[in-house]
Structure formats: structure tokens, C-alpha cells
Amino acid sequence: MQRIGVFVCHCGTNIAATVDVKAVAEALSHEPGVVISQDYQYMCSESGQNLVKDAIKEHKLSGVVICSCSPRMHENTFRKAAASAGLNPYLVEIANIREQCSWIHKEIATATEKAIILGRAAVAKVHLNTPLTSMESPVVKRALVIGGGIAGIQTALDIAEAGFDVDIVEKKPTIGGKMAQIDKTFPTLDCAACILTPKMVEASQNEHITIHSFSEVEEVKGFVGNFTVKIRKKARYVDETKCTGCGLCTEKCPMKKVPNEFNMGLDNRSAVYIPFAQAVPKVATIDPNYCMMLKNGKCGVCSKVCSVGAIDYKQEDRIIEEKYGAIVVATGFDPIKLDKYDEFAYSQCPDVVTSLELERLMNAAGPNGGTLLRPSDKTHPHTIVFVQCVGSRCDDSKGKPYCSKICCMYTAKHAMLIREKYPDTEVYVFYIDVRTPGKNFDEFYRRAVEQYNVHYIKGMVGKVTPKSDGKIGVQASDLLSNEQLHIDADMVVLAAAIEPDKTARPLATMLTTQMDTNDFFTEAHPKLRPVESATAGIFLSGACQGPKDIPETVAQGSAAAAKAIGLLCKNSITCNPCVAHSDELKCNGCSSCEKVCPYGAITYIEKEFRMPDRTTAIRRVASVNPAVCQGCGACTVACPSGAMDLNGFSNSQIMAEVDAICK
Amino acid sequence: MQEAMIKRAKELLADGSVKRVIGWKRGEFAYDITPAVFESAEELDKDFVFDVFTSANVSKYLVKESKKEGKVLVFLKPCDTYSLNQLTKEHRVDRDNVYVIGIPGGPKLDIEKIRAKGITGILSVRNENFTLKIETLYGEETMPFSDAILDKCASCKSKKHVTYDELIGEDGDILDSDRFDMVEKLENMTAQERYDFWREQLSKCIRCNACRNVCPACTCEKCVFDDPASGVENKAAADSFEEKMFHIIRAFHVAGRCTDCGECSRVCPQNIPLHLLNRKFIKDINSLYGEYQAGADTTSRAPLTDYTAEDCESSIVHERGVE
Amino acid sequence: MNKNLKEQVLRSSGVNVLKCMRCGKCSGTCPSYDEMEYHPHQFVYMVEKGDIETLMKSESIYKCLTCFACVDRCPRGVQPAKVVEAVRLAAVRQQDGNRLSADQIPSLLDEDLPQQAIVTAMRKYAK
Amino acid sequence: MQVNENKEFQPLIVAFCCNWCSYAGADLSGTNRLNYPTNVKIIRVPCSCRVNPMFILRAFQRGADGVILCGCHPGDCHYTSGNYFTRRRMTLLFSMLDFLGIERDRTRVEWVSAAEGAKFAATMNEFTEAVKKLGPNRRLEDLRCRKQ
């Protein structure tokens with residue numbers, strides 16, 4: 001006979017305000033098998049847990065039901081408490097009467113009634129719970145970092161520092177990411193390259209770090225501690241091991257009219273190229289879309305000039321397969337496309353640029369060697385208008401609903417740098433709100449206003465019209481002085497919203513991690529587990545999780561590394577014991593389960609059985625590898641005979657819940 | 001035909017290539033023919049029969065027989081070969097242990113339809129140029145052959161043998177059948193009409209389990225309806241369970257696996273058109289996930305253990321047809 | 001503040017004024033800006049505050065061209081032009097607010113003028 | 001089925017939610033205090049593909065008036081492919097129930113991510129209203145299971 005203890009939590013007033021917890025405890029005390037039913041202020045507190053532990057011992061409980069917050073919050077807490085009192089942790093069930101009851105309902109009577117029903121379902125389920133023991137599964141002591149921007153580099157360095165091997169997969173020919181394109185950084189105004197490139201070099205020289213540049217993740221299989229990843233090393237038509245990065249090929253290449261993506265297409269590069277001087281690895285890459293040798297077999301100049309014979313026109317994509325214990329996603333962001341914002345004339349006028357383009361225009365390694373000139377006529381601009389929130393904070397149909405977070409600060413930086421370098425320039429910043437929370441951030445913005453006389457105007461630009469005299473008409477409203485402004489500007493800079501990199505979505509599918517509607521990766525808990533995904537062994541670093549500036553990105557990169565190190569330190573991890581198992585006596589051996597298993601956890605064995613008529617027969621039956629099974633339950637439904645069942649969520653348990661709810 | 005079959009079966013038994021023969025055995029009357037296993041030439045001579053009433057699908061017997069010592073010879077009509085393929089695919093039958101002789105298919109006759117003409121005391125039935133000559137205790141009667149055809153044969157989907165080791169007679173083609181007409185007719189009724197139709201039909205069920213027992217897709221080691229642990233165990237005839245659950249669960253269990261052999265409806269003593277449930281699934285699968293015929297081969301993935309990222313959403317059910 | 005009037009304007013416009021984040025892009029893009037006493041963003045804000053009578057009395061409601069530039073540009077999908085239109089309707093539908101007396105109408109009649117326009121005009125113009 | 005004092009029909013709705021997306025989405029609608037009716041009772045399953053059509057029939061048999069199944073958006077399944085199987089199974093099951101003349105609005109599949117608390121609440125409100133309009137489930141209920 002079952003001896004079940006029910007514990008109803010008040011959660012302060014979180015539950016008790018809308019659910020009559022005493023009535024719930026009283027009602028559940030009459031359920032079959034329930035020997036004790038109590039309520040308490042905070043079940044998750046130490047004294048609350050002790051209450052449970054003591055009751056387990058005193059009443060020799062065979063099952064525990066906690067009516068409290070979501071099992072996603074405290075299931076583990078109570079399982080541990082039960083285990084320490086000698087009860088198998090999987091004999092604990094949680095009835096979610098907070099998130100799914102008290103917080104969504106207002107009327108005490110109906111909320112209490114629902115809480116009782118939810119409690120009843122948990123009691124019905126716990127009747128059928130069986131003690132489960134976790135298996136151990138070994139951890140591969142190697143990490144994969146996807147993305148070689150500042151986030152990925154920081155994470156890789158920190159993991160390597162702890163003594164674990166780590167691979168960086170970067171889709172571009174060099175690591176460095178967006179930060180490599182940035183000129184100066186706020187709020188200190190130090191040079192981005194000066195602080196980034198030492199880290200890039202450190203990463204390339206660290207014996208624990210392997211950089212797979214110009215590579216992409218092709219397939220991810222496995223589970224925490226034991227991922228198998230296929231990486232596509234794209235053909236760069238240059239032997240990485242031979243190339244010295246001398247750059248002779250890039251000089252001699254006759255095809256020089258290739259838009260230079262590193263400079264945002266503001267100037268050109270050659271078909272064989274090294275993205276920028278400090279690229280890591282410093283290896284040339286041939287762009288097959290432009291190389292005349294690859295396109296029509298005529299040229300071969302680079303191959304002739306290369307003294308080490310590194311050019312290989314026959315190179316093909318290569319797929320390598322590696323095993324990892326942990327994976328860190330650091331796929332970063334991109335500015336959104338501005339084609340649909342006609343009112344800002346971005347597509348019509350070359351002097352309307354995005355902020356990232358402005359970074360390149362102002363950078364010493366940029367198209368103008370660091371002198372700020374209009375892209376159209378290479379003249380010095382005297383009036384520059386900055387427009388904030390372009391595509392950020394919009395209705396769904398108009399752009400991104402979120403604040404891109406970094407624009408206020410980099411715009412202040414741009415405005416300040418321009419006023420510093422070219423004091424004869426008038427700079428206007430049209431803002432909706434100026435958001436500068438962060439250490440020394442507001443001071444920085446105030447300096448732009450007070451020290452550099454940047455004109456901050458509250459109001460959005462409504463219309464940008466290129467004029468025949470080369471000026472750009474900017475029409476905006478000044479909401480504070482309540483007038484409409486018409487400014488003849490020389491340049492307009494748009495603070496485009498940022499969005500997750502396009503490769504993130506297919507990657508999330510491969511990694512089986514969740515994303516939000518904006519394609520940012522969802523963290524396991526918005527406050528308490530910010531660098532972990534809900535999928536064990538997958539960690540999040542940098543702007544792939546949400547808009548972030550550099551200091552935050554680095555902090556999160558290190559945090560993700562710490563989490564990954566915590567995993568890699570272990571020799572083995574405890575597997576979820578809620579896995580499928582097959583009842584051999586019922587199994588038909590039909591292979592339905594095997595076909596729907598996403599992990600290949602099911603195999604078939606020929607086994608001898610004694611039949612009812614005392615004969616023996618050899619039958620083909622399914623066998624589940626519990627270390628590989630992740631417990632989704634797809635097989636349980638595919639199985640026609642009901643031989644396949646899932647620990648912790650068995651057919652009979654779920655049906656008991658259904659019955660209890662429908663009673 | 002019958003003689004040729006017996007002759008060949010004897011040969012194979014004699015040279016030891018097979019140990020047993022599965023076919024049809026004559027019963028007390030001309031029309032109550034049952035599937036049977038024959039182990040000797042004498043048994044074959046005595047009881048083996050192949051005629052207008054040998055409609056039973058014998059493939060299911062291979063689940064047990066193919067596991068026994070020695071090869072088993074089986075005579076399969078085209079429709080029966082689909083069932084064998086499906087059973088082979090699901091590892092229920094050891095195909096290597098089976099020797100299949102493909103024999104021509106129907107149409108076979110429905111004794112009930114002959115009786116429905118008021119003909120009783122039937123001794124034998126012969127088909128002469130599409131006219132049935134029925135010898136009865138009270139003299140000879142005739143009726144058009146087409147009036148007595150079994151429903152499942154009337155909407156035959158294929159005369160092609162999808163698996164065999166040798167053939168007696170000619171192989172046929174996959175037919176353009178009208179088997180989904182009735183399903184479509186029901187789909188075009190209102191929900192209330194459909195509900196009334198099925199309530200009338202399913203309430204006749206006496207839960208004899210004949211449909212399950214004859215079904216070549218129902219070969220589970222332990223049927224969920226017999227398994228107390230399954231939660232749907234139910235042996236006694238209880239009205240509302242039959243109407244609402246038993247037949248839905250059974251149809252779903254064989255969804256994507258049913259070869260549409262029509263045996264369920266043929267054996268139903270209450271004449272419930274159970275095959276319509278299976279055909280509804282087949283029709284849905286064909287229209288939603290692409291043409292699929294269970295048993296057509298032994299390698300393709302069944303529709304319910306397969307998917308594409310572009311599959312329609314379940315709400316399609318709400319958007320189409322008649323409410 | 002006139003709650004009924006606010007309710008009426010909100011309902012007839014179908015606009016959720018609370019979505020406005022006060023960016024002023026509507027006014028930044030408005031071609032009639034200089035003609036208007038109250039500008040599109042002020043319409044949205046004043047309707048939110050319930051100060052509709054002021055707007056109804058203002059000539060601004062007849063200066064709006066209903067060009068919908070504000071509706072097109074608004075990043076939050078607030079649709080200020082619909083708010084202006086709703087205030088205009090509220091003014092037009094007011095009782096005893098006619099600006100033309102009945103005996104003035106015959107002389108102004110034009111065969112091509114739709115009936116609706118005559119009634120509206122009576123309330124809108126002159127005086 | 002419950003009938004309260006003012007005799008308005010209160011449907012009983014069983015919601016199966018996958019642990020990784022929809023259950024978390026339901027939690028989020030709680031955290032954000034987004035209301036939906038008490039009629040909805042949630043059962044947690046690891047993945048929507050764990051839901052056997054039998055469970056749904058069982059719920060109806062035992063007197064549920066509506067059953068809704070929530071899972072991760074296609075492509076976002078924590079187990080890669082679970083919800084794709086769910087989609088096929090439920091499409092066929094719902095089609096069969098429709099074929100048998102069961103009101104089609106009593107069943108639904110909805111994809112709700114962990115971030116879509118608002119969608120979860122809205123879906124539940126909508127679904128409850130739809131089932132309320134249909135009235136009590138008489139066509140699939142087993143009268144022997146009726147509450148005394």
C-alpha cells in the first residue's frame with residue numbers, strides 16, 4: 001500500500017493569495033494513499049525541506065507530492081531533499097499551482113478548485129511512480145565554440161586557460177567578427193583593433209585552441225558530454241599549412257573589382273584576399289565567385305607568384321568529424337537590411353550610411369584611410385545627422401520589437417569622435433530616448449552634449465530626401481520645442497537595429513535549442529541561468545542570446561566558458577533516468593520505434609523466449625540504450641503493442657493524470 | 001486451377017523444398033471454406049480447395065508458420081501478397097522461410113448476397129460466363145455473377161502480385177479502383193450525419209474481435225485490448241466503448257500499415273463497414289503525405305514513422321471538408 | 001476630461017494610443033505640420049490624456065490632409081491620421097455645432113455635390 | 001464538465017504541454033500574470049510526441065470537453081523531430097474524429113515556444129471559448145465514467 005505525503009506551499013502570498021492552501025491540503029488528505037497532507041509558508045526553504053524530509057522518515061512515505069511552483073523551478077530541490085531522507089528522488093511529483101494556477105487566476109474559489117484537481121492528478125501519478133536510478137555517461141573533454149567573434153574568442157581562451165582543448169568554428173576566413181570592423185570602443189574610446197588583435201593572436205597561439213576558419217557546422221548529433229559534430233571546412237583554394245600570409249598574391253591578382261565585405265562594400269578587394277592586416281589565421285582565400293581561374297580556367301597569376309606553392313585550385317570542401325563534451329554558441333549579430341525604410345533614402349543615396357559603415361569610413365584601415373569623407377564625392381561633410389532606432393522598437397510589421405541596446409552609446413561615440421576630429425562639423429542626433437545604463441555610460445553621453453556640443457533632438461526623422469545639389473534634406477520634428485525642422489545635411493547615419501546572424505536559426509535546429517520569435521537563443525532561465533540553453537551541454541555566449549555591447553559580451557563569454565569548464569571537469573555526468581524501455585514480452589520487433597528515434601538509441605536483438613505452450617521461440621525484440629536515449633517518448637507512441645514505455649512518463653501515469661483531472 | 005495448385009504443392013512437398021502448405025480447406029458446405037495448413041499429399045487431395053469462395057487472406061498464418069522448422073508453401077492472391085510484404089517489412093514473417101506461389105485473384109463471392117436473393121439450401125455454386133449456376137436442395141437457380149461479388153473484390157485495388165517465388169496463371173496490373181468513393185461520400189455529409197451514420201454502424205458491434213483476429217496487420221504479441229496494463233483493455237462488449245474507442249484505436253493502430261485487404265469487413269458478423277475507417281486513413285495519407293500503399297514494398301518508410309518539415313498543420317482538418 | 005468623448009474617439013478610430021512611444025516620426029513626416037496648431041503626435045498624446053475638446057475646437061482637424069504619411073511611417077503602427085479623423089468626426093457629429101444655417105444652403109447647392117457632403121459642410125464651414 | 005451557479009457551461013479542457021517549450025510558455029504566462037480560464041488543466045509530457053492518441057481519446061471518454069496539445073514550433077523540437085511525428089499523428093487522428101462526426105473544434109494542436117507566454121494565454125482563452133460554444137462533449141464521453 002502506498003503511503004503518500006502531500007505538501008502544499010504558500011509561497012508567501014504568491015500562491016496563498018489566490019489559492020486556499022489549507023483547503024487544498026485538506027482536500028488532498030482524503031485522496032487514496034495519502035497519509036499526511038500539510039501546508040507551509042515556503043516549502044523550498046530549508047525548514048520547508050526539512051518538513052518533507054522529516055515526514056518521509058516519520059511516516060515511511062513511499063511517495064511525495066509537492067503543490068508549489070513549476071517543476072521547472074524546484075523539482076530538483078525537492079528530489080534532492082527526498083534523496084537525502086532516503087526516498088528515491090523519482091518518487092517525488094510536483095503539482096504546479098503557482099505559474100499554472102495562482103498567478104493566472106483571480107477568483108479564490110475556482111483557483112482553489114483547480115489547485116485541488118492538479119494536486120489530485122499528481123497524487124494519481126505518484127501512485128504509479130517507480131524508483132529510478134540514473135546512469136553515468138562519460139564526458140568528452142573537449143569544447144566546441146561556434147563563432148569566432150569577441151564572444152567566441154573570449155570563451156575559447158577561458159576554456160583553454162582551464163586546460164581543456166577547444167575548437168573554434170568560424171564561417172569567415174578570419175576570426176575577429178564584428179569587433180574587428182569597429183574603429184573605437186565606448187566609453188573609453190580606445191581602438192578596437194588594439195584590444196582585439198592581441199586576443200586573436202593569443203587564440204591562434206594557444207596550444208589548446210584549434211581554429212577552423214572558413215568552416216561551418218554541418219551536423220550535430222549526440223547529447224551533453226558526448227556530441228559528435230561534422231564541420232565543413234570550405235575550400236579556400238589555398239593550403240592553410242603552406243600559406244605564409246605574405247600577401248603577394250593579393251597584390252598581383254588582376255581581379256581587383258570585388259566589393260570588400262570587410263569595409264562594408266565601400267571599397268574593393270582582389271579575388272584572392274586576406275580580409276585585413278591582422279587576420280587570424282593570416283592566410284589568403286580565393287573568392288570563387290570572382291577568381292578568373294576558377295571561373296573560366298584563365299589566369300593562374302597567384303599560383304605563379306606564390307613562392308611556397310600554397311595555391312590549390314583543385315581544393316574541395318572537406319568534412320571533418322569531431323567529438324565534444326560541450327558546445328558554446330557565439331554566432332553574434334548583424335545589422336538589419338534597410339531596404340524597406342524608404343523614408344531614409346538608404347538605397348537611393350550613397351551618403352546615407354549605417355553606423356557600421358561609418359565605423360569603416362572613420363577607420364584608418366578603411367576606404368579613406370581614416371579621413372571622414374562622403375562616399376559620393378569624397379568631400380568633407382559639414383553637417384551630419386544621426387537617426388536612432390532605425391528598425392528597433394517597432395511594431396512587428398515594421399521592424400524589430402526590441403531595443404538594440406548598443407546604438408545610443410555608439411552614436412554618442414561617433415558624434416563625439418567627429419566633433420573632436422572635425423570641430424567645424426555640426427552633428428545632430430535625433431533620438432526617441434537616450435538609453436545609457438552602464439558604468440560610465442551616461443557620463444559619456446553627457447560629455448557628447450556638454451563638452452562636444454552635439455545637438456541632441458528629441459524626435460524622430462520623418463523623411464530624408466537627397467537633393468540635386470548633393471545635400472540631403474532631413475525633415476524631423478523637435479518634440480520639445482514643438483517645431484518641424486528641415487536640415488540640409490551632408491551625411492545621414494542610420495543606427496540600424498541588430499538581429500541575430502542568419503546562420504543561427506538552422507544551427508538552433510541542429511543543436512535542438514530554443515530560440516525566441518526574433519531568433520535570439522533562449523537561455524535556460526532569464527535571470528538565474530543566463531548563459532545556458534535549455535539543452536544540456538549547450539551554452540550561449542554574446543549577442544546570439546540578445547543585443548549586447550562588448551563588455552557584456554566578454555562577461556557573458558567568460559561566464560559561458562565557466563559553465564562549459566564546470567561540465568568538462570567532470571569525468572562523467574548523470575543521465576536522465578526517464579528513458580524508454582521495451583517490454584520484451586510484448587515487443588513485436590516491428591522496427592517502428594527504431595524509425596522514429598532521433599538518437600538511434602534502439603537496436604534489435606534476437607532473444608529466446610519460453611512460450612506459453614512450453615516451447616521456446618527466438619524473437620526479434622527492441623532494446624533501448626539508456627545512455628543514448630533522451631526520453632522524448634516518440635517510440636512509445638509508434639509502438640503498436642504498447643511494449644515501449646517511458647520511465648517517469650509512463651502510459652499508465654499519464655492516463656492516471658488524465659483520469660484524475662477528468663474525474 | 002485447383003488441380004494445378006495441388007499438383008505443384010505435391011511436387012514441392014515431395015522434393016522436400018517445403019514442409020507445409022497453406023491454402024484453403026473445404027468445409028461442411030460449399031461456401032464455408034477455411035484457411036488450413038496441409039502437411040501431406042493425401043491431405044491436399046482430400047481437402048484442398050480453390051474456387052469462388054476462397055476469399056480468406058492467409059498471409060497472417062505465416063507469422064506462426066514461418067517460424068517453424070522447414071519452409072512453408074503459401075498460395076497468395078494479389079491482395080494477399082501486399083499483406084505478406086507488410087508483415088515481412090515489420091519482421092513478423094521470415095520471408096526466407098516462405099515459398100510464395102502467386103495465384104490469380106478474385107472476384108470472389110459473398111454467400112450472403114446469394115442468400116439475399118432468397119436462395120437457400122445451397123449445395124454448389126459455379127460461374128458460367130458470368131452467370132452463377134447454383135445447385136440447391138430444391139433445384140438449380142441462376143443469378144448474375146456480378147450481383148454476388150464480395151464488396152472487397154468489387155473495389156479491388158490491384159491484380160498485381162507484389163511478391164512471389166513463382167506464379168500460376170498470369171500476373172495482373174494495379175487497378176484504378178473506386179475504393180474511396182464511399183469515404184468521400186461520408187466526408188461530404190455533415191458532422192451530425194456522419195455521427196449518426198457511425199453510431200448506427202458501430203452500435204451494432206458485439207465485440208467478437210473477429211475484425212482484429214483476421215486482420216493481417218494485427219499480429220501483436222499481446223494485443224492492447226487484452227493487456228490490463230494498456231489502459232484500454234476491454235474484453236466484454238460494452239456499448240459505448242465499442243462505439244467510441246475500440247474501433248478508433250484499432251484503426252489508428254493499423255494506420256499506415258493497413259494494406260486494405262478488406263478482411264475486417266468481410267468477417268464482421270454485424271456487417272459493419274470497418275474497412276471505411278482504414279480507407280479514410282489511407283485516403284488522408286495519400287492526399288496529405290503523398291501516395292502510399294502499405295505492402296507495396298518492404299523497404300519504404302511508413303507514413304507515421306516519417307515526416308517532412310513541410311507537412312501540413314493539423315488545422316487542415318478544420319479547414320477542409322464539411323463541418 | 002471627457003471620458004465619453006475619449007471612448008468615442010478611441011472606438012471610432014480603432015487606434016490603441018497607448019502603443020505610442022513618443023518618437024514624433026509622425027510629426028517629422030507630416031506635410032501639413034506648419035499649418036497645424038496641434039501636430040499628429042500631439043493628437044495621439046492629447047487623446048490619450050482625454051483632452052479632446054481642445055482638439056475639436058482647433059482648426060488643426062481640418063488641416064490634416066489625410067495623406068496617411070504618419071500612418072505609413074509610424075514604427076509602432078499607431079495610425080495617427082485615424083485619430084485625427086476620429087476627432088474630426090466627433091466634431092462633425094456634435095449637436096448644435098452647425099456653422100451654416102439651413103437657409104444658407106440653397107444658394108450653395110451644387111448638383112454634383114453628394115448629400116452627405118452638404119450635411120457635413122453645414123457643420124463644418126462658415127460662421 | 002462543470003456547471004456553476006449561474007448555469008453557464010464550464011468546459012473541462014485538458015492541455016498536454018511539452019516540457020521544453022509549451023510547459024515553459026505556460027509558466028511564462030503565469031509569471032507575466034496573463035489570465036486564462038481555470039477550465040484548462042495542464043499535463044506535462046517530455047515532448048508532444050509522447051502524447052499517444054489514446055490519451056486524447058481517454059480524456060474525451062472520461063468527460064473532457066476539449067483537448068489541446070501544445071509543443072515546440074516545428075524545427076525547434078528539443079528532440080529534433082518529435083513534433084513532426086506529433087503533427088502527422090494528430091492530423092490523422094483529428095481527421096478520423098472528424099470523419100466519425102466528432103466536433104472538430106474540440107481538438108487542437110498549437111505550437112507555443114518557451115518565450116510565448118502571451119500566445120499560450122491567448123490560445124487557451126480562445127480554445128476555451130470555442131469549446132464553450134460547442135457545449136458538453138456528448139459524442140465521445142463514456143457515460144459510465146460520468147461524475148455522480
Side-chain angles (χ1 to χ4, degrees), chain B residues 183 186-187 189-199 201-202 224 230-232 238-241 243-249 251-253 255-256 276-281 283-285 287-289 302-323, chain D residues 48-49 51-62 67-71 73-77 80-111 123 127 130 134 137-146:
Chain B
V183 175
L186 277 163
E187 285 171 344
M189 291 181 181
T190 65
Q192 184 65 47
E193 285 167 347
R194 283 198 294 273
Y195 179 71
D196 293 341
F197 172 85
W198 283 112
R199 197 172 57 167
Q201 292 298 334
L202 295 180
V224 290
S230 74
V232 291
D239 203 40
S240 58
F241 183 79
E243 280 178 49
K244 288 154 185 166
M245 300 296 151
F246 176 76
H247 293 291
I248 309 178
I249 295 173
F252 200 87
H253 268 203
L276 290 177
L277 297 175
N278 303 326
R279 277 190 190 159
K280 167 67 178 166
F281 275 135
K283 183 170 178 283
D284 276 347
I285 287 166
S287 67
L288 300 174
Y289 309 124
L304 274 171
T305 58
D306 200 6
Y307 66 87
T308 70
E310 290 75 36
D311 282 345
C312 60
E313 294 297 337
S314 306
S315 56
I316 193 165
V317 175
H318 298 247
E319 287 149 15
R320 56 175 199 177
V322 182
E323 181 117 27
Chain D
S48 62
C49 72
V51 176
N52 197 313
M54 212 159 71
F55 302 160
I56 292 172
L57 296 175
R58 175 85 162 205
F60 280 127
Q61 182 195 13
R62 300 282 157 140
V67 179
I68 181 164
L69 173 50
C70 301
H73 285 268
D76 289 355
C77 176
T80 324
S81 52
N83 51 6
Y84 287 129
F85 293 119
T86 306
R87 186 158 66 175
R88 283 204 170 185
R89 287 166 186 164
M90 293 307 140
T91 305
L92 290 181
L93 175 70
F94 293 175
S95 179
M96 176 54 77
L97 292 178
D98 180 48
F99 188 62
L100 293 170
I102 312 304
E103 303 92 332
R104 40 175 77 164
D105 287 338
R106 289 200 192 279
T107 47
R108 190 190 289 191
V109 170
E110 200 70 54
W111 311 125
T123 303
F127 186 63
L134 291 177
N137 153 34
R138 303 239 184 262
R139 293 182 181 177
L140 267 179
E141 188 192 9
D142 189 337
L143 292 179
R144 292 167 304 168
C145 300
R146 173 76 66 83

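Per chain, numbering begins at 1; letters A, B, ... match sequence-line order. We use all heavy atoms of the structure for the numbers below, so side chains are in, but hydrogens, waters and symmetry mates are not. A quick note: this is a predicted structure, and the numbers were derived from the prediction, not measured.
- Contact annotation for M54(D): only side-chain heavy atoms (C-beta onward) come within less than 4.5 Å of a heavy atom of chain B.
- Only the side chain of L288(B) comes within contact range of chain D, judged by heavy atoms closer than 4.5 Å.
- Only the side chain of I316(B) comes within contact range of chain D, with heavy atoms under 4.5 Å apart.
- When the candidates L57(D), V109(D), I102(D), N83(D) are compared by the number of heavy-atom contacts under 4.5 Å with chain B, L57(D) comes out ahead.
- T308(B) and D311(B) form a side-chain donor-acceptor contact under 3.5 Å, judged by distance and modelled atom types alone.
- The cationic group of R106(D) does not satisfy the cation-pi geometry with F60(D), failing either the under 6.0 Å distance to the six-membered ring centre or the 45° limit from the ring axis.
- For L69(D), no part lies under 4.5 angstrom from a heavy atom of chain B.
- Within the cation-pi definition used here (under 6.0 Å to the ring centroid, within 45° of the axis), R139(D) qualifies as a partner of Y195(B).
- In terms of non-hydrogen atom pairs under 4.5 Å with chain D, the most contact-rich of S315(B), A251(B), P303(B), S230(B) is P303(B).
- The aromatic rings of Y84(D) and Y307(B) sit parallel, their planes meeting at an angle under 30°, below the 60° perpendicular limit.
- There is no contact between V224(B) and chain D, counting heavy-atom distances below 4.5 Å.
- Note: S81(D) leads P74(D), G75(D), S81(D) in heavy-atom pairs under 4.5 Å with chain B.
- With a threshold of 4.5 angstrom between heavy atoms, D306(B) approaches chain D through its backbone and through its side chain.
- In terms of heavy-atom proximity, T91(D) sits nearest to S314(B) at OG1-OG, 3.1 Å.
- The shortest distance between side-chain heavy atoms of R88(D) and I285(B) does not fall below 4.5 Å.
- Taking both residues in full, the closest heavy atoms of E313(B) and W111(D) are given as OE1-NE1, 2.6 Å, listed atom of the first, atom of the second, then distance.
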